[in-house]
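Just below is one structure, and these are the notes that go with it.
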Protein chains: 2
Amino acid sequence: MVDAIDIELIRFLKDNSRLSFADLGRKINLSPSAVRDRVQKMEDLGIIQKYGITIDNKKLGYDLEAFILLKIFPGQLKHILEIIKDFPEVKEAHRITGSQNIHLKVVLKNQIALQKLLDQLMVFGDTNTFLILSEI
Amino acid sequence: MVDAIDIELIRFLKDNSRLSFADLGRKINLSPSAVRDRVQKMEDLGIIQKYGITIDNKKLGYDLEAFILLKIFPGQLKHILEIIKDFPEVKEAHRITGSQNIHLKVVLKNQIALQKLLDQLMVFGDTNTFLILSEI
DNA sequence: ATTGAAACACCTCAATT
DNA sequence: AATTGAGGTGTTTCAAT
């Protein structure tokens with residue numbers, strides 16, 4: 001289904017998703033067409049889900065990043081699952097195990113924006129916020 | 001520094017980083033050269049940090065994803081900061097505020113792999129693990 | 001900062017191995 | 001599955017505005 005060459009392709013695309021099929025082929029000694037077939041196969045199988053970019057949010061004026069754990073109040077879970085991705089500040093949302101049921105990664109301009117977001121989230125459950133100091 | 005057109009370009013590239021400059025130009029009515037100059041400017045400024053892909057780890061046999069909060073033992077922080085990214089299971093690592101100082105996102109084949117990872121991390125601090133049930 | 005044009009590279013598809 | 005070759009498209013560079 002996926003062989004060692006596919007894993008190599010994934011490795012190079014993870015590092016730079018804008019590499020051309022020709023460039024990828026040169027790196028692993030394969031023709032552009034063969035590379036194309038393999039990449040398309042992985043797209044069709046849903047192994048490659050998306051080609052994206054990483055942005056430096058600080059440089060765009062979003063100086064605050066945080067993880068928020070939510071312990072949703074009884075009966076509110078279905079509702080919050082429907083609306084959580086409509087918050088533009090929420091970049092990632094996961095359901096998790098434990099006494100807290102939702103894990104968010106949020107990006108914000110400043111503490112005031114965080115406060116406003118927490119005010120909104122408080123309606124649905126108890127919040128536990130961890131500010132991100134740096135990437136490692 | 002960055003104007004509304006740059007933000008538009010970022011928006012399209014976030015959705016599909018393999019779009020050609022010509023395609024991007026068609027979407028926002030700009031010449032390929034102009035698009036290229038703007039994108040390169042954002043790369044040079046470090047606003048665009050990386051072109052990457054999103055992988056469906058489950059389809060590659062990595063069925064387990066988790067967040068791990070670490071409360072590092074006194075004197076161990078410097079050491080773990082140096083080695084944490086050498087763990088192949090660790091996909092993201094952040095320093096955070098709170099009584100726990102490090103937040104990890106890890107991807108694993110199964111519970112046994114998680115157990116082995118936790119055994120290694122226990123040396124440096126107390127661990128608190130949240131399994132990821134699903135993305136929202 | 002943007003446009004336009006020419007040379008070059010790349011992508012795609014079909015035929016072939 | 002991979003390669004090859006051909007036609008169409010995209011990219012790059014540079015001069016001009």
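It should be emphasised that the depicted structure is a prediction, and the values quoted were computed from it without experimental measurement. Chain naming here is simple, since letters A, B, ... match the order of the sequence lines and numbering starts at 1 in each.
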- Hey, is the side chain of Arg18(A) poking within less than 4.0 Å of OP1 or OP2 on dG10(D), counting only N and O atoms? no
- Item | Residue-phosphate contact under 4.0 Å: Arg36(B) side-chain N/O, dT12(D) OP1/OP2 | yes
- Item | Side chain of Ser20(A) - closest among dC10(C), dT11(D), dT3(D) | dC10(C)
- To the nearest angstrom, the CD-P distance between Gln40(A) and dA1(D) comes to 14 Å
- In whole angstroms, how far is the C1' atom of dA1(C) from the CZ atom of Phe21(B)? 17 Å
- Message: Once you measure the plane-to-plane angle for Phe124(A) and His79(A), does it fall in the parallel (<30°), tilted (30-60°) or perpendicular (>60°) bin?
- Response: perpendicular
- Item | Distance below 4.0 Å between Ser31(B) side-chain N/O and dT3(C) OP1 or OP2 | yes
- Figure out the CG/C1' separation between Asp6(A) and dA2(D), and round it to whole Å. 14 Å
- Task: Answer with base, sugar-phosphate or nothing: what part of the nucleic acid does Asp37(B) contact at a heavy-atom distance below 4.0 Å?
- Result: base
- Item | Nearest-Å distance for atom pair CG/P, residues Leu9(B) and dA1(C) | 14 Å
- Message: For Ser33(A) and Asp23(A), find the nucleotide of DNA chain C closest to each by heavy atoms; which residue's nucleotide sits nearer the 5' end?
- Response: Asp23(A)
- Rounded to the Å, how far apart are Asp3(B) CG and dA1(C) C1'? 11 Å
- Item | Gap between atom CZ of Arg18(A) and atom CG of Leu13(A) - 0.5 Å precision | 12.5 Å
- Given dA1(C), dG10(D), dT3(C), which nucleotide is nearest the side-chain atoms of Arg38(B)? dA1(C)
- Expressed in angstrom and rounded to an integer, what is the separation of Leu30(B) atom CG from dT11(D) atom C1'? 16 Å
- Is the CD1 atom of Ile7(B) crowded by more than 12 outside heavy atoms at less than 6.0 Å? yes
- Whole-Å distance separating the CE atom of Met1(A) from the P atom of dA1(D): 12 Å
- Here the distance between atom P of dA2(D) and atom CG of Asn29(A), to the nearest Å, is 13 Å
- Message: Any carboxylate oxygen within less than 4.0 angstrom of a Lys/Arg side-chain nitrogen, looking at Asp6(B) and Arg38(B)?
- Response: yes
- Nearest nucleotide by nearest heavy atom, which residue falls closer to the 5' end of DNA chain D, Lys41(A) or Pro32(A)? Lys41(A)
- Query: Parallel, tilted or perpendicular for Phe67(B) and His94(A), by the 30°/60° rule?
  - Reply: perpendicular
